[in-house]
Amino acid sequence: MKFAHKRVGAVAAVAIAAALALSGCADTGGGSTGGGSTADTGGSGGSDNLAITFLPKNLGNPYFDTSSKGGKAAVEALGGTFAEVGPAESGPDAQVSYINTATQQGVGGLVVSANDPKAICDALNEARDAGVKVVTFDSDTNPECRDLFVNQATADGIAKVQVDLIAEQIGDAGEIAIVSSTANATNQNAWIDKMKELLAADHPDIQLVDTVYGDDDEQISFDKTAALLQSHPNLKGIISPTTIGISAAARYLSTSDYKGKVALTGLGTPNQMREYVEDGTVTSFALWNPEDLGYLAAYATAALITGEITGAEGDTFDAGDLGSYTVGADATVLLGDPFVFDKSNIGEFDF
Ligand code: RAM
């Protein structure tokens with residue numbers, strides 16, 4: 001069962017946890033992992049060109065392995081050809097050469113999580129001029145560079161769940177810091193801005209003292225966490241709004257004297273965080289289902305390719321097992337709400 005379908009009305013941590021428990025939804029779907037094949041050279045005989053290439057921020061991140069798994073399942077269910085390509089590291093313009101290659105190959109659609117809101121825009125617009133439908137997912141570009149953005153949850157909701165969790169874990173007072181991904185990432189930067197607003201408005205006794213960037217690289221994130229704790233001896237908590245960052249920070253904390261003393265929350269995958277929840281390093285953290293996100297993005301891309309939608313507000317399309325979705329303002333489609341994982345439910349999830 002796809003848990004994005006279990007719409008949760010509120011983003012308050014307790015409400016989400018309760019809804020998740022009620023949903024009893026743990027199965028993230030079967031199928032093989034994504035990746036691998038090269039895109040074919042496009043449609044033939046006048047049929048729709050359902051060669052759809054996924055371009056994550058970088059390869060080797062379990063979060064994107066899972067989103068590509070969902071994308072592959074959807075593309076194949078639609079009778080298309082799935083491919084996944086991407087850079088090893090999340091540099092601002094590291095994706096440009098992959099976009100250009102996909103354009104030359106004549107793919108029908110590109111599904112991109114952007115490392116930078118502007119740096120890949122020219123390449124994406126050249127792809128669009130050549131007839132490629134461009135959909136961003138997970139991390140957007142500037143809106144004028146894509147046809148549609150498939151958003152995992154609202155920035156407000158993603159920010160609020162993390163602020164609620166850290167406030168709960170540190171008694172709503174003390175110094176906190178953020179271990180983010182790359183300095184230019186559209187998604188993390190939007191969430192951090194919203195978190196700052198929420199902290200200022202509702203948590204006067206929490207001070208955000210630092211934000212560091214682990215570049216969605218495990219070792220850099222680990223080292224930045226160690227340095228952060230050294231330079232801020234009074235730190236009470238860390239928010240890491242990246243699945244690579246939070247698991248690296250947890251790995252550092254778990255064998256340090258800070259374990260159980262400095263709280264850690266943010267956005268993580270259950271499989272990467274399980275051992276740290278079980279050993280007491282982490283109490284709770286949040287995420288959505290990346291597999292559903294990739295699946296929805298693939299269906300949205302196919303709907304653009306076939307002309308079922310144009311990206312206009314109010315357009316509706318079928319997203320297979322996830323049901324029907326409607327395009328909202330600014331050519332954005334919303335998957336759902338974030339969920340909170342903790343000791344009581346983490347065993348039910350496998351991604
Ligand atoms: C990392 C990436 C991704 C983000 C998740 C939460 O895997 O930065 O873009 O959405 O964390």
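This chain uses plain numbering: 1 for the first residue, then up along the sequence. Both ligands and their constituent atoms are indexed starting at 1 by order of listing.
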Just distances here: any N/O of Ser181 and N/O of ligand 1 closer than 3.5 Å?
no
Would Trp288 count as a polar contact of ligand 1, with the cut-off being nitrogen or oxygen pairs under 3.5 Å?
no
Per-atom filter on ligand 1: closer than 4.0 angstrom to a heavy atom of Asp216 are 1 (C), 2 (C), 8 (O)
Which of the numbered atoms in ligand 1 are below 4.0 angstrom from a heavy atom of Asn61?
1 (C), 7 (O)
Checking a contact table here: which protein heavy atom is nearest atom 7 (O) of ligand 1, and how many Å away?
Thr243 OG1, 2.6 Å
Return the closest protein heavy atom for atom 3 (C) of ligand 1 as residue, atom name and distance.
Asp138 OD2, 3.4 Å
Could you tell me whether Phe137 approaches ligand 1 through its side chain, its backbone, both or neither, with non-hydrogen atoms closer than 4.0 Å?
neither
Under a 3.5 Å cutoff, is there a donor and acceptor pairing between the side chains of Asp223 and Gln219?
yes
Can a side-chain donor-acceptor contact be found between Asn184 and Asn189 if the only test is distance below 3.5 angstrom?
no
Aromatic plane relationship, Phe349 with Phe341 - under 30° parallel, 30 to 60° tilted, over 60° perpendicular:
perpendicular
Any idea how Phe137 and Phe64 line up, ring-wise: parallel (<30°), tilted (30 to 60°), or perpendicular (>60°)?
perpendicular
Can you give each donor-acceptor pair under 3.5 Å made by side-chain atoms of residues 196-212, sequence neighbours left out, with the distance rounded to 0.1 Å?
from: His203; atom 1: ND1; to: Asp172; atom 2: OD1; distance (Å): 2.6
from: Gln207; atom 1: NE2; to: Asp205; atom 2: O; distance (Å): 3.3
from: Asp210; atom 1: OD2; to: His232; atom 2: NE2; distance (Å): 2.9

Electrostatic pair Arg274-Glu278, nearest N-O below 4.0 angstrom
no
